[in-house]
Trainee: 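My questions all concern the structure below.
Reminder, nothing fancy here: chain letters follow the sequence lines and each chain counts from 1.
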Amino acid sequence: MNELKNKDIPWVEKYRPQSLQEMVGFEDVIEKLRKFISNFLELQKKYKKLKKQIKSNPGIENRKSELQLKSIKSKLANQTAAMLIGPPGVGKTTIVYALAHDFNLSVIELNASDVRTEDAMNEKLRETVKNTNLLSFTQKKIQGKLILIDEVDGIHGKNDRGGVAALKKIISFSRYPVIMTCNFKDYRRFGDLYKLSSPLLEISHAKSVDIAKILKRIATNENLEITSDQIKIIATRSQGDYRSAINDLQALAQGSLKIQADQLESINMNRDHSGQIQEKLYSFFSQQTIQDAKRVLDEVESKEISFNNIHLWLNENLFLFLSKKEEIYHGYQNLAFADKILGYIGRTQDYGHLSYFYDILSGGLRFAKQPPLRRQSATSSMKKIQPPRYFRIRATADDEIALILQKLYRAPLNEIMREIRPRIPILLEAKKDVRSYFSQVLRVDSKQVNKILKN
Amino acid sequence: MIEPSTIQSEKSSPVWRIKYRPKKIAEIKNLFPTLYQQIMGFIQSQNFPHLMLIGPPGSGKTMIAELIAHEMLQNEYQMNCKILYADDPIGKEERNKSKREGHVSAKMIGSGSGSQKNFRPFIQIRVRPFVSTKKFGNAPFKILILKNFHSLDVEQQAFRRIMEQYSKNCRMILITDRVSGIIDPIVSRCQLLMIPYLPDFKFNKLLKTICNQENIPVKLDVIEYIRHMSGKNIGKALDLMQITQAKYSSLTLENLSKVFTMITDRGVLNLVSLTMKGNIKSIRLKLRNIFRSQNLSKNEILIEMSKKISTLPLEPHVQALYLDLIANCDFESKDSQSDEIQLLNLLIQMNLIGKLNFT
């Protein structure tokens, strides 16, 4: 643990609970999982013992024990897998690692970042599932293995073809307990997996009291001066997400050991999923490396802002940050290129190119600004950031006036909106019968015709 | 209350473009003599194959298609004929509806149960319900008139099937000004009718008779001028005439050119000259004004810009540079998402060049 006391290590890793005793909250889930593992290990022990007996003295007396063996085998088959369902950041993975630590098991993890096609999974797991651990000779402590399949719902339907079927096979072959985690229930895709996993455990959002407990523990460890009220604010703002709460605390403590009130305000804004774009865009232009800029851009994403419109936000507000001709030129070159990539993605649904979009948007735009913006702590000196505005008047399918005009003029809606509709008012001024005609056709009072046509 | 699509309301309309649209097939006998013979053949046999009317914009394709439908269906026209515009936007509700219809219930038996079919909303919501229902009354069949057919890109393939499937119940009249945009199998399923621009003397005569009916004195050179400015587009020529008449109450060359510049000025020339010297914020403001008031798309702005640049007093090599930039922008931003970003990118480049050259 001493080497982990390094300052650079994220606190999320530093204070990740090593054993189940360190865990806070989720007592019932942990209890069930512990039962599941101990049950499994016990059954396996019995199974091995019986098998040895049968091997050592074959004979007629062993009929009974053979039957016993079969029943144990079927029991085992029903209890190899468990499924943990819960939102991100509540500690699903942490629970599994802590569990493995307490039972002296080594964890084999299949992550979302790995390719999980049938072949790839077989290659990685099949052999380990069947055979005993080589490491078990060197490390006396470790008794067996535990297979963790993280983020099952990340198995891609198209790219990870046969992934679910392979998982089912692995579960049926496995001599070790399998624990799967996923973020939300999806019966259509993973219904079979749910059937196979005997404890199907759902974890809800963490209680803010539990989060506050952990934050307090970390704060005392790090010698932070923080009041319990401040901790409470961080805990509630994190919306039941341990990881983000700890990240917030670390971000707060980065400057000094004492936490100021306005600092807390600004940091908490980050997790507040509605506002805070202001802060983020300013910090985006003050980052030193492309990675940092990319990270900040990632964090901006919320309900309002997604990859679909982030470039529009940047377009709307770019002149706040870029002022020199060359800066603007380079900025727009990159913005336009990113926009082209997004258009391409939209047309082909080839989302593999989305990473280029972010690279160009973050790297290109950030380094169009030279030198970087100085970090500003006071929010009042910043200019207000505007949401993107849409100016096009497009013809829409439910514009009744345009539809009536279309019946009269026999022209497509676009032409109506562009050429015909704006010219009618000129006619209206000149002649009375035109006005009465349009008021009849459009079914409005003759005084309102002008107003209605103007949209 | 006037139903907009009935003939009576059109006859009494004060808008010339609507008022002087031919209402009977005999009215086009002199304008399109050979076509008239062909159409009369259709009408006498009470039958025709799928038709495709090809011709430049404003030459009267839709008018002829409607006349054919009117003559074929007579009194049942209202029930049995529909005009669709292929390039009209599809509403959110229609999209959702087609999505709902594409869902196959999981309770159904068969391999497709529980799956989602990807219906094309235009075909599924606008075309199929009309085409697949039975004709009303004594009409020989239904008639579907589809304007700007070339703008149905991918859906043309789906349309091909529909043309075969329902050809007994419904005949199609496809209208297009760009045959090259239509896939071969559809062209081969149709009888092609070419509708060219009216010959100059017929166009002049048409305008002259309309002016006589409205009691407006005109000279031949004025009519020639209108024909030239409207690009032989009858609808546009009538609009130009009527607006000028309404505004200045006389048709002279001067008034016509004033109105023409008023109608067609989109502010693009202003924008281009602004890029030569103005600062970028004002350029963006101007661009947004054009977007808002003129309802131009990116492509149209680019085309207008390239037209305007050749009229500006610039050195040839600067002009060539600008044209190159515009062409490059148009080509590269073929499938971009935001028009404003792409155009601003171009304008900023032009602005930099302008500053180098003029200050």
Side-chain angles (χ1 to χ4, degrees), chain A residues 188 308 311-312 315 319 325-326 328-329 331-333 335-348 388-398 404-414 417-420 422-424 426-431 433-434 436-438 440-441 443, chain B residues 1-2 4-5 9-10 12-15 17-18 21 62-63 66 83 85-94 114 147-148 235-236 239 242-243 245-247 249 263 280-281 284 288 291-297 332-342 344-346 348-349 351-352 355:
Chain A
R188 240 176 84 193
N308 262 327
H311 61 303
L312 298 179
N315 171 37
F319 293 147
K325 273 181 297 183
E326 295 77 24
I328 292 175
Y329 170 75
Y332 264 94
Q333 286 271 305
L335 196 59
F337 189 33
D339 179 57
K340 280 174 209 163
I341 292 176
L342 197 66
Y344 172 80
I345 293 170
R347 189 167 58 81
T348 60
R389 281 173 279 181
Y390 303 95
F391 280 111
R392 284 289 292 288
I393 308 168
R394 280 213 178 85
T396 51
D398 51 356
I404 292 174
L405 288 179
Q406 181 177 54
K407 275 191 180 170
L408 284 176
Y409 280 90
R410 319 272 203 278
L413 276 183
N414 282 326
M417 295 299 284
R418 190 177 310 138
E419 290 180 3
I420 292 166
R423 288 180 202 170
I424 293 175
I426 307 174
L427 289 179
L428 287 178
E429 285 166 21
K431 277 189 179 177
D433 56 340
V434 180
S436 64
Y437 173 75
F438 275 109
Q440 255 180 325
V441 169
R443 291 166 201 171
Chain B
M1 200 191 286
I2 297 175
S5 57
S9 79
E10 288 183 3
S12 62
S13 166
V15 181
R17 190 168 165 173
I18 303 166
R21 189 181 289 138
T62 315
M63 178 264 294
E66 269 185 282
I83 305 179
Y85 303 80
D87 50 352
D88 272 2
I90 284 166
K92 212 171 185 182
E93 252 171 57
E94 286 170 298
K147 282 194 77 170
N148 290 345
K236 278 186 183 166
D239 271 357
Q242 195 179 11
I243 290 171
Q245 178 67 22
K247 201 152 190 183
S249 63
I263 291 175
I280 291 161
K281 272 183 196 171
R284 177 159 82 169
R288 288 186 163 179
F291 271 139
R292 177 161 39 193
S293 59
Q294 301 299 331
N295 192 26
L296 288 178
S297 73
E332 292 219 322
S333 64
K334 228 181 119 195
D335 46 29
S336 65
Q337 209 213 24
S338 158
D339 288 358
E340 194 192 300
I341 290 177
Q342 299 296 334
L344 263 181
N345 183 25
L346 171 71
I348 285 164
Q349 287 173 34
N351 185 253
L352 268 186
K355 275 189 177 153

Trainee: Nearest 0.5 Å, what's the CZ-CD1 distance between A/Arg410 and B/Ile18?
Mentor: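 Reported to 0.5 Å precision, the distance equals 8.5 Å.
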Trainee: Would you give the length of the straight line joining atom CD of A/Glu419 to atom NZ of B/Lys236, rounded to the nearest 0.5 angstrom?
Mentor: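 Rounded to the nearest 0.5 Å, the CD-NZ separation comes out at 4.5 Å.
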Trainee: Using modelled atom types only, decide if a donor and an acceptor are shared between the side chain of B/Gln342 and the backbone of A/Ala336 within a distance under 3.5 Å.
Mentor: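 Yes, the answer is positive, given that a donor and an acceptor are paired below the 3.5 Å cut-off.
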Trainee: What pair of heavy atoms forms the shortest contact from A/Leu413 to B/Pro89, and how long is it?
Mentor: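 Shortest heavy-atom separation between A/Leu413 and B/Pro89 comes out as CD1-CD, 4.0 Å.
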Trainee: Output the distance between atom CD1 (A/Ile341) and atom OG (B/Ser336), rounded to the nearest 0.5 Å.
Mentor: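 Between atom CD1 of A/Ile341 and atom OG of B/Ser336 there are 12.0 Å.
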Trainee: Could you state the interatomic distance from CG (A/Asp339) to CG (B/Leu344), rounded to the nearest 0.5 Å?
Mentor: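 The distance works out to 11.0 Å.
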Trainee: Is there a donor-acceptor pair under 3.5 Å between the side chain of A/Lys325 and the backbone N or O of B/Asn351?
Mentor: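 No; judged by distance alone, with no hydrogens or angles, the pair does not exist.
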Trainee: If I compare all heavy atoms of B/Lys147 with all of A/Ala411, which pair ends up nearest, and what's the gap?
Mentor: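 Scanning both residues completely, I find the closest heavy atoms to be NZ-CA, 4.1 Å.
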Trainee: So, using salt bridge (charged side-chain N to carboxylate O under 4.0 Å, His left out) as the criterion, who are the partners of B/Asp239 when residues are at least two apart?
Mentor: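 For B/Asp239 the salt bridge (charged side-chain N to carboxylate O under 4.0 Å, His left out) partners, ignoring immediate neighbours, are B/Arg17.
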Trainee: Checking heavy atoms, do the side chain of A/Pro412, its backbone, both or neither come under 4.5 Å from chain B?
Mentor: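 For A/Pro412, the contact with chain B is made by backbone and side chain together.
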Trainee: What option among B/Leu346, B/Ile90, B/Ile348, B/Asn345 has the most heavy-atom pairs under 4.5 Å with chain A?
Mentor: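 Looking at each of B/Leu346, B/Ile90, B/Ile348, B/Asn345 in turn, B/Asn345 comes out on top.
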Trainee: Between atom CG of A/Leu335 and atom OG of B/Ser338, what is the distance when rounded to the nearest 0.5 Å?
Mentor: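 OG of B/Ser338 is found 8.0 Å from CG of A/Leu335.
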Trainee: Name the region of B/Ile83, side chain, backbone, both or neither, that has any atom closer than 4.5 Å to a heavy atom of chain A.
Mentor: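 Just its side chain gets close to chain A.
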Trainee: Is it the backbone or the side chain of A/Ile420 that comes under 4.5 Å from a heavy atom of chain B, or both, or neither?
Mentor: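 For A/Ile420, the side chain is the part near chain B, not the backbone.
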Trainee: For chain A, find which of B/Gln242, B/Glu94, B/Glu93 contributes the most heavy-atom pairs closer than 4.5 angstrom.
Mentor: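 Top option by heavy-atom pairs under 4.5 Å: B/Gln242.
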Trainee: Between chain A and each of B/Asp87, B/Ile263, B/Ile280, count heavy-atom pairs under 4.5 Å; write down the option with the most.
Mentor: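 Top count of heavy-atom pairs under 4.5 Å with chain A: B/Ile263.
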Trainee: Is atom OH of A/Tyr409 surrounded by more than 12 heavy atoms (other residues, nucleotides or ligands) closer than 6.0 Å?
Mentor: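 Yes.
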Trainee: Examine whether an atom of B/Asn148 lies under 4.5 Å from a heavy atom of chain A, and if so say whether it belongs to the side chain, the backbone or both; otherwise answer neither.
Mentor: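 The side chain, not the backbone.
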Trainee: How about A/Asn414 and B/Tyr85: do any of their side-chain heavy atoms sit closer than 4.5 Å?
Mentor: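 No; the side chains remain at least 4.5 Å from each other.
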Trainee: Going through the checks in order, is the side chain to side chain contact (heavy atoms under 4.5 Å, CB included) test met by A/Asn315 and B/Arg284?
Mentor: CA-CA 11 Å; A/Asn315 171 37; B/Arg284 177 159 82 169; 3.9 Å; yes
Trainee: Enter the distance from A/Leu312:CG to B/Gln337:CD here, rounded to the nearest 0.5 Å.
Mentor: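 Answer for the CG-CD pair, A/Leu312 versus B/Gln337, is 6.5 Å.
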Trainee: So which of A/His311, A/Gln406, A/Gln333 has the largest heavy-atom pair count under 4.5 angstrom toward chain B?
Mentor: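 That would be A/Gln406.
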